[in-house]
Amino acid sequence: MPPKWRLIQKENFTSIHALLDYLNFSEENRKLVHDHPPFVLNLPRRLAAKIAKNTPEDPLFRQFIPLLDETIIKPGFIPDALQETTFLEGKKLFHKYHNRALLLVTGACAMHCRYCFRQHFAYDTQTLGYDAELSYVKQNPSISELILSGGDPLSLSNESLKNLLLSISQIPHILRIRFHTRFPLGIPERIDNEFLEILATIPQQLFVVIHCNHPKELDIDVKQALKKIMLLGIVVLNQSVLLKGVNDCEETFLQLNEELANAGIIPYYLHLLDPVERTSHFEVSEKRGHELIQYAQEHTSGFAVPKLVREIPGTPSKTLLHPVNCL
Ligand SMILES: *Cc1c(COP(=O)(O)O)cnc(C)c1O
Ligand code: SF4
């Protein structure tokens, strides 16, 4: 019997027509939608239920439903904007920054975000397991933190995750293990007791970085699921992407970060959009990013203001874009 969350995931919307019917979309508004995108629709019911009917401007609609805007060709917006393939070690590991490496645990996600910077990535689906990647980590004692990313690492079964975590936790120089996941926002049932029990057995300090862009993604079930993780002494952080029509106004941005803080989640990064093909309609200027950060800084607690960053390929870290003196 598959776990409950897997059954919920099977109910995801994958047909655009079925979703537009569900959302009572008018003929007029349907003309805005791209009905056969290369990066297919994949949307949990919980998120679909939060979208206002017949409203293409809805911030969740914009994040998850393909618009014809995806066919716009804008110079500079390319498939591998971060030149990630040049940084691969083995088939599933990036070691770009000094003390940490990032493992592509899977290509699968709970949902497909239209602005995803890895939507063009050719995930390796042939090789089973992570032997080559873990042996690279073992041979590199400078790596003290391993990040489980993807795709979404919580797409794996509890059993596979447990095996992976146990192998990692046996590497003596690994002191921290971090998850990058969007799963709990779409299917909070994923944080089941079995998963929590596995986390509780790992001796290293764990971090969970969720990815939430709009306050509508947070609700009581999501917050309760994340609270169960925090009760294990695990730090939960959030990263957002600055997206046009989603979180680029002062009130929404402040509300997002306040609601995260109210739930005990620390806003970590606000990423400027990576210039990835088919995402140019989400672009927001760096200047606007500074304005939003400045506004949040003036209206809420210091720890509820994320760092504004951009990723520049070939640099030794995310590039911090200091808000002060830049306006
Ligand atoms: C973003 C990223 C990290 C994590 O960077 P932090 O600044 O520590 O959050 C690690 N490895 C890769 C390849 C990344 O892209
Ligand atoms: S959950 Fe993350 S990896 Fe998956 S589509 Fe969204 S942004 Fe991309």
Side-chain angles (χ1 to χ4, degrees), residues 47 50 59-60 62-63 97 100 102 111 113 115-117 145 147-149 152 154 176 178-186 188 191 205-231 233-274 282 284-311 317-324 326-327:
L47 287 167
K50 293 180 180 185
L60 296 186
R62 282 188 65 78
Q63 286 188 70
Y97 302 155
R100 52 222 189 275
L102 183 148
M111 62 197 91
C113 316
Y115 54 85
C116 179
F117 71 97
E145 175 172 341
I147 300 171
L148 306 184
S149 183
D152 198 310
L154 298 196
R176 301 193 291 264
R178 185 192 321 181
F179 288 86
H180 278 182
T181 178
R182 195 147 163 57
F183 223 109
L185 283 314
I191 314 302
Q205 177 63 47
L206 299 178
F207 292 78
V208 172
V209 183
I210 62 163
H211 169 184
C212 176
N213 295 320
H214 191 278
K216 265 178 113 170
E217 292 166 52
L218 294 166
D219 60 51
I220 186 71
D221 297 328
V222 170
K223 291 176 195 172
Q224 280 176 354
L226 294 167
K227 189 53 69 84
K228 288 182 194 163
I229 293 180
M230 291 175 218
L231 286 171
I234 296 169
V235 182
V236 180
L237 303 146
N238 180 65
Q239 47 186 349
S240 305
V241 183
L242 181 53
L243 300 168
K244 189 169 173 184
V246 174
N247 53 17
D248 62 337
C249 89
E250 275 82 354
E251 289 71 30
T252 306
F253 182 65
L254 180 63
Q255 191 196 349
L256 167 66
N257 290 298
E258 289 242 277
E259 285 197 20
L260 287 164
N262 294 343
I265 303 158
I266 302 171
Y268 178 37
Y269 279 151
L270 174 64
H271 295 268
L272 289 187
L273 182 76
D274 298 313
F282 285 113
V284 178
S285 70
E286 182 179 332
K287 179 169 177 288
R288 190 80 192 106
H290 289 302
E291 288 166 1
L292 293 169
I293 295 284
Q294 187 68 28
Y295 183 82
Q297 182 73 28
E298 289 168 6
H299 286 83
T300 189
S301 322
F303 61 73
V305 184
K307 298 186 214 184
L308 180 65
V309 290
R310 178 198 293 283
E311 181 148 356
S317 71
K318 305 279 184 274
T319 299
L320 197 54
L321 305 166
H322 294 278
V324 192
C326 290
L327 288 177

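What's counted below: heavy atoms across the whole structure, side chains too, no hydrogens, waters or symmetry copies. The chain is numbered in sequence order, starting from 1. Predicted model, so just to flag it, every value in this text is computed and none were measured.
- Within the 4.5 Å cutoff, no side-chain heavy atoms of L272 are placed close to those of V284.
- For I266, the side chain to side chain contact (heavy atoms under 4.5 Å, CB included) criterion is met by L237, not counting sequence neighbours.
- Residues L60 and E217 have side chains in contact (heavy-atom distance under 4.5 Å, counting atoms from C-beta outward).
- Closest approach of M230 and V236 over heavy atoms only: CG-CG2, 3.7 Å.
- Rounded to the nearest 0.5 Å, atoms CD (Q239) and OH (Y268) are 7.5 Å apart.
- Side chain of S301 to backbone of A304: no donor-acceptor contact under 3.5 angstrom is found.
- Rounding to the nearest 0.5 Å gives a distance of 12.0 Å between CD of E298 and CD1 of I293.
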Notebook entry, point to check: Does the side chain to side chain contact (heavy atoms under 4.5 Å, CB included) test come out yes or no for Q224 and I220, once each step is laid out?
Noted result: CA-CA 6 Å; Q224 280 176 354; I220 186 71; 3.8 Å; yes
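- Side chain to side chain, Q63 and H214 fail the donor-acceptor criterion of an N or O pair below 3.5 Å.
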Margin query: Set out, in order, the CA-CA distance, both residues' side-chain angles and the distance that settles side chain to side chain contact (heavy atoms under 4.5 Å, CB included) for M111 and L47, then state yes or no.
Written below: CA-CA 9 Å; M111 62 197 91; L47 287 167; 3.7 Å; yes
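- Residues Q294 and H290 have side chains that never bring a donor and an acceptor to within less than 3.5 angstrom of each other.
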Check: Could you go step by step and tell me if I234 and F207 meet the side chain to side chain contact (heavy atoms under 4.5 Å, CB included) rule?
Finding: CA-CA 6 Å; I234 296 169; F207 292 78; 5.6 Å; no
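- From F253, atom CZ reaches atom CD of E291 across 12.0 Å, with rounding to the nearest 0.5 Å.
- Atoms CD1 and NZ, on I265 and K227 in that order, are 8.5 Å from each other to the nearest 0.5 Å.
- Residues S240 and N238 form a side-chain contact, since some pair of their non-hydrogen atoms from C-beta on lies under 4.5 Å apart.
- Looking at V208 and I210, their side chains come closer than 4.5 Å, going by heavy atoms from C-beta outward.
- The shortest side-chain heavy-atom distance between K223 and L218 falls under the 4.5 Å cut-off.
- With a 4.5 Å cut-off on side-chain heavy atoms, L273 and L242 do not count as touching.
- Taking 4.5 Å as the limit, every side-chain heavy atom of L226 sits out of range of all side-chain heavy atoms of I191.
- Side chain to side chain, R178 and H180 meet the donor-acceptor criterion of an N or O pair below 3.5 Å.
- Although no hydrogens or angles enter the test, the distance criterion places a donor-acceptor pair under 3.5 Å between the side chain of N247 and the main chain of V241.
- In this structure D219 satisfies the side-chain hydrogen bond (donor to acceptor under 3.5 Å, both in side chains) test together with R46, K50, sequence neighbours excluded.
- Nearest approach of P267 to N257, heavy atoms of both residues: CB-OD1, 3.4 Å.
- With sequence neighbours excluded, the residues satisfying salt bridge (charged side-chain N to carboxylate O under 4.0 Å, His left out) with K318 are E311.
- Scanning all heavy atoms of the two residues, the minimum distance from R182 to N213 falls at NH2-ND2, 3.6 Å.
- Salt bridge annotation for E145-R100: absent, with no cationic side-chain nitrogen under 4.0 angstrom from a carboxylate oxygen.
- Closest approach of V222 and P184 over heavy atoms only: CG2-O, 3.5 Å.
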Next item on the list: Kindly determine whether F179 and L154 satisfy side chain to side chain contact (heavy atoms under 4.5 Å, CB included), including the steps that lead there.
Entry: CA-CA 9 Å; F179 288 86; L154 298 196; 4.0 Å; yes
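- Contact of the L254 side chain with the T300 side chain is registered, since non-hydrogen atoms from C-beta on lie closer than 4.5 Å.
- Using modelled atom types, one finds no donor on one side chain facing an acceptor on the other under 3.5 Å when comparing E251 with Q255.
- Put simply, the side chain of D152 never gets that close to the backbone of T181: no donor and acceptor are under 3.5 Å apart.
- Residues E259 and K216 are not paired through a salt bridge, judged by the lack of any N-O separation under 4.0 Å between the basic side chain and the carboxylate.
- With D248 contributing its side chain and G245 its backbone, the two residues share a donor-acceptor pair below 3.5 Å.
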